Amino acid sequence: MLYCREAGRGERVGACSPAAYQRGIRPGMPRAEAAVLAPVSAASSPLHFVGYDPHPDRLALQALARACGKFSPLVGLNDTEPPDGLQLDLTGVPPLLGGEAALLEQVAAFFRQSGYRVRLAIADTCAAASAVARWGAPSTIVPPGDLSQLATLPVAALDLENRVRQQLRHLGIEQIGQLQRFSRASLGARFGRQLLMRLDRLSGALVQTLVACRAPPVWQVDQAFEHPLTDRGLIEVVLGELAVRLSRQVSSSGRGVLQLEVRLFCQGGQVREMRVVFFQPSVEPSHWVALARLQFERLDFPEGVQRIELAAGVTAARERRQGQLFADSSPGEASELAQLIERLSNRVGRERVVRAELVADAQVERAYRCLPLAGFPAGESAAAAAPCRWGPLCRPLKLYRPQGVEVLGVAGDGPPAAFFLAGRRQRIARSFGPERIETGWWRGPSCRRDYYRVETVAGQRFWLFRRLQDQRWFLQGEFT
Amino acid sequence: MAHLRGRIRQLETGAPASGSLMIGSGCAALDRLLPEGGFRRGSLVEWIESRPGGGAGSLALQIARQACQQQGVLVVLDRGAQVYPPALAAWGIDLGRVIWVQPRDLQEELWCWDQALRCPAVAAVWGELRQLDSRAFRRLQLAVEGQGGLGLLIRPAAARTATSWADVRLGVEPCAAVRNRRIRVQVLSCRGSAARGQVDLEWEEWSGQLRKAGETCAGGLVAGLADPAVACRSTGA
């Protein structure tokens, strides 16, 4: 299993499974190179390439950070992007847990039990501990005030930019200790301020802030009934009361709800869930109930409801408005629009009320992505949309899943003279193309197509393509 | 005459008479075809597509673009999730101002049309509506009346014989052409007017500019000159 991420030039391996590692694949390797290594070494178990998404990794790391709360009151992620380690502030902790060595052993055991392999180190500063854990001997404890162990670490432990690393390599500087022989002034002048800053962090001359991971507050209210409720009107009344209670909790923190979770626990153990989404952070209970009703009307519950639970799933600061979208609307219009989006999203479904964004991808089906409008804080998709590169008559307004068509009179590499649509022959009068669209072979099953815009003798326009692998023809679009 | 027509119209719909209520199509020949010289905000326009791939959707989208030019958003209603956003962008639609809704069934689709048409911040609603009975159609017309939006309904050929509550009903038929993309637009019915005209329009192949068929404009001059029939100098008197 390989996780690939987009780097500056093409895709690179972000992480890989032990099996892949055994075949010589390493994180940071270009994907194409990994693909070459894969089939040669073992044809029996092919490698799976998966798009790398740093977000779940970050969430998992945050969850681990919270779990480490039993070892330290202050646990944070390290400051690389994306974060790849945890930092625990152990000030005053070791005596309580039997000393530094015992503490280290307990942390190691905790991670072992959870199925993780970890490298641990204790040192005076965050940067030193992080560097020793990565580059030093496993489970090292650096004694207080001792800088000698740091001196033997490779300069790679400083996490410098490529240019500086190459300069150092040219000069034959491989260990941090070698750098400490130079004066600060000459280091700064020759290698820039980043190097000085990293050294200062290592020694503790520069204080590094540790941002603690804390569990998000849980806003939740519920009500249980002695006799199960079956009347919808009654359930709505209870929902209204719960909404008022929850809204009081949320609004006192200065936040508003973007996703509201409603759970109805029925007799017999069944649970019915509804997720109400909002375009703007809301604390208005009547508005919550009005939107919940859109889903509640279509919800069926076979038996009586024993307990109702209401929880604020996603919240955001109330003063933050959805800035990027529809920025030039007047305040009145913006609120009308927010209401429309919320109503549509709650009735039709959050994933079905979207904003589309162009993506620079040659493959026709991947040239855009959809972003749900409601239920998320604004500004989560910071990536700039790709510019539009086509003329109005170049792309069909309606795109189908490619459907094979029978064609007649194909001359060489050119377009056909006619094709069959719903059993009827359509003679082609004019065609425009070919527009060759190919995707890289390293992206899995490759896509090699010659697209033609064709006009029938009646003036209708369609989008056909020839699959170059087997010369079969497909209809994919209609210029409606 | 025009003034009187406007007064009658105002009495009928209760809408204030104002020039800014009209949306021009961006093509003078098409505007001339319509008794009011454009499309009125707060009304429904039905585009009957005689054959698939005929160009009704593109033409309606161009009107939607005109409607959203100053302010308001475009709602694209698309039950089959078949609309291709890169094509919207290619037609000059700002995707940041488009709400793309993909209802699951007919009931939901009609509800979405109703909601979107009622919203004052929506400048235009564009979408294909295959099934629409008279009662639902009337409901949509009531929803849009008095609002600033324009409902652009793309209907199949079978809808030609059905009852319509649209203000303007246009038939769009593709035509064979040697150059550019040509369509024939016919006024099938128009509220408050007996006008029944038709016009042949064409899109310039590369720029997508809409104009009356056969007419050349500055942009089409080069293409016109390249035509061998034009290149010969007339020797007539």
Side-chain angles (χ1 to χ4, degrees), chain A residues 324-330 332-341 343-345 347-349 351-358 364 367-370 373 385 387-400 421-422 429-430 432 455-463 477-480, chain B residues 49 51-58 61-62 71-73 75-76 78 80-92 95-104 108 111-112 115-116 118-122 128 154 173-178 180-184 203-209:
Chain A
Q324 288 94 331
L325 285 177
F326 321 119
D328 52 344
S329 328
S330 67
E333 277 188 350
S335 88
E336 295 277 2
L337 215 50
Q339 275 179 30
L340 174 71
I341 291 170
R343 289 177 68 79
L344 292 174
S345 301
R347 167 88 189 249
V348 180
E351 294 77 23
R352 291 170 171 271
V353 181
V354 296
R355 183 166 66 94
E357 207 173 73
L358 298 188
V364 171
Y368 69 94
R369 66 168 154 248
C370 295
L373 284 167
C388 179
R389 296 173 287 130
W390 310 284
L393 299 181
C394 293
R395 286 288 179 269
L397 261 178
K398 245 186 184 180
L399 192 80
Y400 316 132
L421 180 67
R430 289 194 288 164
F432 305 84
E455 186 174 302
T456 66
V457 285
Q460 297 159 272
R461 285 204 179 187
F462 297 96
W463 214 30
E478 180 186 318
F479 293 78
T480 180
Chain B
E49 187 174 52
R51 278 188 285 263
S58 304
L61 190 68
Q62 227 168 328
Q71 57 178 10
V73 300
V75 177
V76 171
D78 174 23
Q82 284 184 328
V83 168
Y84 188 47
L88 296 181
W91 276 107
L95 289 181
R97 305 185 60 78
V98 173
I99 302 176
W100 182 17
V101 190
Q102 300 157 10
R104 281 165 291 197
E108 229 170 55
W111 182 85
C112 290
Q115 292 292 318
R118 271 177 211 284
C119 178
V122 171
E128 204 177 77
I154 299 146
E173 197 180 347
C175 302
V178 186
N180 297 334
R181 187 177 187 198
R182 189 173 289 195
I183 49 170
R184 176 165 299 156
W203 279 293
E204 223 265 318
E205 195 64 56
W206 301 113
S207 66
Q209 201 177 4

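What you see is a predicted model; the values in this text were computed from it and never measured. Reminder, nothing fancy here: chain letters follow the sequence lines and each chain counts from 1.
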Please flag which part of B:V178 lies under 4.5 Å from any non-hydrogen atom of chain A: side chain, backbone, both or neither. backbone
Less than 4.0 Å between a side-chain N and a carboxylate O, is that true for B:R97 and A:E333? no
Segment of A:E455 engaging chain B (4.5 angstrom heavy-atom cut-off): side chain
Please rank A:G349, A:S335, A:G391, A:C388 by heavy-atom pairs under 4.5 Å with chain B and give me the top one. A:C388
Identify which part of B:R182 has an atom lying under 4.5 Å from any heavy atom of chain A, answering side chain, backbone, both or neither. neither
Answer key: most heavy-atom pairs under 4.5 Å with chain B among A:R352, A:R343, A:E478 is A:R352
Top contributor to chain B contacts, counting heavy-atom pairs under 4.5 Å, from A:T456, A:L421, A:V364: A:V364
Less than 4.5 Å apart, side chain to side chain, heavy atoms only: is that true for B:W203 and A:P392? no
Give, as side chain, backbone, both or neither, the part of A:R430 having an atom under 4.5 angstrom from any heavy atom of chain B. side chain
Is the B:Y84 ring parallel, tilted or perpendicular to the A:W463 ring (thresholds 30°, 60°)? tilted
Report which part of A:A429 has an atom under 4.5 Å of a heavy atom belonging to chain B: side chain, backbone, both, or neither. neither
Just wondering, do A:V348 and B:Q102 contact through their side chains at under 4.5 Å, heavy atoms? no
Heavy-atom proximity to chain B below 4.5 Å, by part of A:V457: backbone
Which atoms of B:Q62 approach chain A - backbone, side chain, both or neither, heavy atom under 4.5 Å: neither
With a 4.5 angstrom heavy-atom cut-off, which part of B:Q115 approaches chain A: side chain, backbone, both or neither? both
Heavy-atom distances under 4.5 Å only: say whether B:A56 touches chain A with side chain, backbone, both or neither. backbone
Between B:C175 and chain A, which part of the residue has a heavy atom less than 4.5 Å away: side chain, backbone, both or neither? backbone
